[in-house]
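Keep in mind the model is a prediction, meaning the values are calculated, not measured. Within every chain, numbering begins at 1; the chains are lettered A, B, ... in the order of the sequence lines, protein sequences first and strands thereafter.
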Amino acid sequence: MTRTAVRGARLLLTLVLGATAIGPAAAEGVAADLFSKFDRAMAGFDPIGKHVRRPIERAVPNLTFRGFYRNWSDVMLDDDGMVGFRNKDFRFAQLQNLFELETNYHVAAGLDIRGVAHMLYDGVYEWQDSRGLFADRIDREAELYNTSERVLRELYVSWRRPGFDLLVGKQQVAWGKMDGQFIDIVNAMDRREAFQLETEDYEWRRLPTWMANGTFHLGESTVQLLYIFDFEHDRQPLPGSPWYSPLIPPTTNDVIVGVRRPEAGDFDDHQYGIRVDRSAGALTYGFVYMYAWDKNPVDHVLGTTLNNGQTALRIEQRHERVHHAGVTADYAMTFQNVPLVGSLPAVFRFEALYTNGVRFADFRKRAQALAGRNTDGTTKRDTLRAAIAAEFALPGRTTVIFQPSWYQTIDHREELGFGFGGGFGDEWSLIPVVFFSRPFAFTRDRLSMEFTAFPLISGPDTGWGGLKTKLRLIYKFSQFVKGQLVYNGYDTGSSTDVYGQYNQWDNIGWELSYEF
Amino acid sequence: MNSETPVASTAGRLLAAAALVAVTSLAAAAERSWRGVDEMAPEDRALFDPAISTPRDASLDYVPAEPYPFEAPYTAEEMGYRSAEFVHISRWDYALVDVFGVVTSSGYINQGASVGYVETGGRPGFEGYMLDKKAGEIYSKWLLYDVFPPENEGAQQLWLPYRTDKSFRTKMDFFVYSPQLRRVRRQPEPRRDQRFPDNSQTFDDVIGRDPWEFEWQLLGTDVLYETLRFPTSRPSVTLNVPGQGFVERQGASIKPMGENFPHYRADGGVDCWVVKATAKSDWLPGYNEKYLVLWLEKHTFYPLRTEKYGTDGRLIMIEERNAELQNPARGEFGYAAMMTTYWNVDHDLIGYSNHDAHTLRDWTPEEIDMIFTPEFMRRQWLVEPLKSQVLIDAPEDFFLRPHLYPDKFPGERNPVLPAAVQARYDAQEAAGQLVFESPGAAAE
């Protein structure tokens, strides 16, 4: 029996005896004692690391092997019932278990192979009795990653020389430095959580793509070139999934004839990107350009047909070619003699992305199409999304970030639907994000708190669009095991607002992760 | 008949008493390891210049005019300047594995290990930093690649520290690469007097304090016989010694100034100057550390022990080091911290930092251009993998809390602990290993 196991048994025995034998006066001391025993028992808890990872790495010195298991569970706080078009008869928004393994094999100096595989199982469809959840019957991937495409997450060969990198294979590339996505446009994303998808989850939600990725390193400057011969589209919440919008009617009279996606085998469909970065002391800046596809298809009207005795639109969903051009910059400084806090280290970040040729569904034209006019029911516009963030390091290891984020559709019309980078159902949208975090010294910093508020204002028509808040408590059980409690709230917006539609989706979640 | 007047009688008694006190004091000083300035041996007095105000440098008006590294006799300020040579990250070119960690009073441990590359442009050492760099110039570049714990593997930090003075106070440019975010982000520099989260080290403990930010005073001399203390449950440690590979060393055999230090006393002790450094309020407004008390090895001025006291005068931290001559070409300036403990008294956090596999490097221009840039971190390239076996497996195997030495230099130090911490310290001294909030393995 290992020392850890002996301690665990002692701890359990102590808990049982302690519950029956102590009085209130001794409770504090006993609690501290139990806490200490628990901490010391957990300190060395790393079974996969000890019994799998280390022996493998010892046997194959050129191989590194690591991974994690993570459980996310979110339970909604509001009553069951009909919300919009949804039968919200479920409480769990996710019961997800993700297991990931990552290996790196060092072939020769500068030459490595990296592979990442993961498996996700979401118990929301099986572990609660719900008629409103049925997405697993539409696409099994909603419940379980059951295709090699999803399980084999990354696989690429990297060849590195001092002034040059070349990575070829399935990979993900993250551009940008901000919270949220502004110039992070290379890979598609699994957006099954809709507005609850956060920056810290991108690593596991981003959809890696087959590509060649080369970077030239020229002193303080770098030039990155991407040639993407594969295409992945965004995965939006499926009908019958927990975060499918309650504003979308379950049926439509229109006839969807299919989706036309870019083909890997068609040279004309490939995508290209370039990024240039430069660091100059307290200032770093960079530029990006990408000739890409919009990762979400837009309904194109092919014509009309009779459906159920009524005139209906024949629609094909197509992705649109777009040009992205962006800029990123950050600057650091320390303010001196600031009242109350003395010196105040700060960083300012800026990102903007201008997208040319975004296609929007145009409901005025669709009405005209129904009336027999020859139109595909779409309109092209340019969009701009940008954010500026100010981050401050306050006393008490407290961090505050203020990040106003702006989304604009150039030359907007009321009849336009959603489009990449534009305002949310309006000409412009503003989300002045406020973030606050700090650890608690009385827990020796093991407990930390993060609070984020996402107020949404759109104009000129919509006005207030609701408030999303997120409160997260993170606790480190050991070097390998971490737990979180998370509250997400969607408040004050009307039921047709971007956040307001999820007014009944307030939820508390917990996450337990073990990394080895 | 007694012809003595009462006054004469009283004066005689006082004289006798004073003589007795002096003799007793000298006898006591002979027995104890430490001596105040007035009690110092003649050979130490000869090395000490009590001057407080000395001429200033023509171009840097806050620096002594006497050329660094000064000549004996030394003022307290000059001792402080010499001690500034030995910062946590040495000012020369090298690679290392920085293994660090902390254990709480409950036995929770948090550790990390980073492979570090250090590049110091220009002349190495404090002289290069002080004289060759202008305020606002980056004087060194540090790239740290995390290899432990698993959650942090592949995370990287780039530290670009600045030469600072009263007008330019930004300490560094700071970039972080997060593998979870796959992003390089510029971060605000940490606050100088604030410990890192889940750690007992402050930013200044790592980056070093400039001697011109403090008033210096000599308290006396002392002899240290040990600094870091291994627990009975961990009698040895495996170190990665360049050229030798992994070498097991008995903890008790690791001496404060390394194996081949030529100035150990016959009884194994290390002679030290003990100096007090008080923060200048105009240089460090609102600084959390009111004063430091440092034990400096007498020949090299290497700081083997540092006590930090807060603005209210209470003890907040004790730092102790074991040094090693890591850069022999630099002679007495070539010592570097091999093992360091940081005991945060407020929270009873016992931290350590072990600089393993200290490997001197002569970075090529190509390597400098390649490695020490923010964008390099995105490549996730561990250019020179170095390994270490210094990580500690169990809470009770951490280093002991440092000695308190409650009787040394009374009036100048206030080494008082909170009652609960004092109780654990006493229990530790009895057990020979760390004692936590519950009885701990030693008592079970």
| request: Evaluate the criterion salt bridge (Lys or Arg N to Asp or Glu O under 4.0 Å) for residue pair B/Asp393 and A/Lys50; output intermediate values, then yes/no. | output: CA-CA 11 Å; B/Asp393 288 332; A/Lys50 281 178 186 166; over 6 Å; no

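- For the pair A/Asp330/B/Arg185, no side-chain contact is recorded, criterion being any heavy-atom separation below 4.5 Å from C-beta on.
- If you measure heavy-atom distances from B/Thr170 to chain A, the contacts under 4.5 Å come from both the backbone and the side chain.
- Most heavy-atom pairs under 4.5 Å with chain A, from the set B/Asp369, B/Asp346, B/Thr373, B/Ile109: that is B/Ile109.
- Using a 4.5 Å heavy-atom cutoff, the side chains of A/Pro345 and B/Gln187 are not in contact.
- For the pair A/Arg160 (side chain) and B/Arg379 (backbone), a donor-acceptor distance under 3.5 Å is present.
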| said: Walk me through whether B/Phe376 and A/His217 qualify under side-chain contact (heavy atoms from CB on, under 4.5 Å). | reply: CA-CA 8 Å; B/Phe376 174 76; A/His217 298 269; 5.7 Å; no

| task | Decide side-chain contact (heavy atoms from CB on, under 4.5 Å) for B/Phe175 and A/Thr284; before the verdict, give the C-alpha distance in whole Å, the side-chain angles of both, and the deciding distance to 0.1 Å. | result | CA-CA 11 Å; B/Phe175 299 88; A/Thr284 47; 3.9 Å; yes

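- With hydrogens and angles ignored, the 3.5 Å screen pairs no side-chain donor or acceptor of B/Ser106 with any backbone N or O of A/Ser36.
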| said: Between A/Glu515 and B/Glu153, does the side-chain contact (heavy atoms from CB on, under 4.5 Å) criterion hold? Intermediate values first, please. | reply: CA-CA 10 Å; A/Glu515 303 215 17; B/Glu153 276 183 52; over 6 Å; no

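- Of all the heavy atoms in B/Gln180 and A/Trp204, the pair that sits closest is CG-CH2, 3.8 Å.
- In this structure, the side chains of B/Tyr108 and A/Lys476 come closer than 4.5 Å at one or more pairs of heavy atoms.
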| Stepwise side-chain contact (heavy atoms from CB on, under 4.5 Å) test for A/Gln479 and B/Glu151 | CA-CA 8 Å; A/Gln479 302 169 105; B/Glu151 181 188 15; over 6 Å; no

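- The contact between B/Glu366 and chain A is made entirely by side chain atoms (from C-beta outward), counting heavy-atom distances below 4.5 Å.
- Looking only at distances, a side-chain donor or acceptor of A/Arg349 sits under 3.5 Å from a matching main-chain atom of B/Arg186.
- Of the possible polar contacts, one joining the A/Asp445 side chain to the B/Asp198 backbone as a donor-acceptor pair under 3.5 Å is found.
- Without hydrogens or angle criteria, A/Arg444 side chain to B/His347 main chain gives a donor-acceptor distance under 3.5 Å.
- Between B/Arg183 and A/Tyr202, the closest side-chain pair of non-hydrogen atoms falls below 4.5 Å.
- Taking every heavy atom of both residues into account, A/Ala393 and B/Pro188 meet most closely at CB-CB, 4.0 Å.
- One distance of note links CG of B/Leu158 with OG of A/Ser279; it measures 8.0 Å at 0.5 Å rounding.
- For A/Arg66 (side chain) and B/Pro150 (main-chain N/O), a donor-acceptor pair under 3.5 Å exists by modelled atom type.
- Considering all non-hydrogen atoms of both residues, B/Glu437 and A/Asp33 come closest at O-OD1, 4.4 Å.
- B/Gln194 places a side-chain heavy atom less than 4.5 Å from the side chain of A/Pro395.
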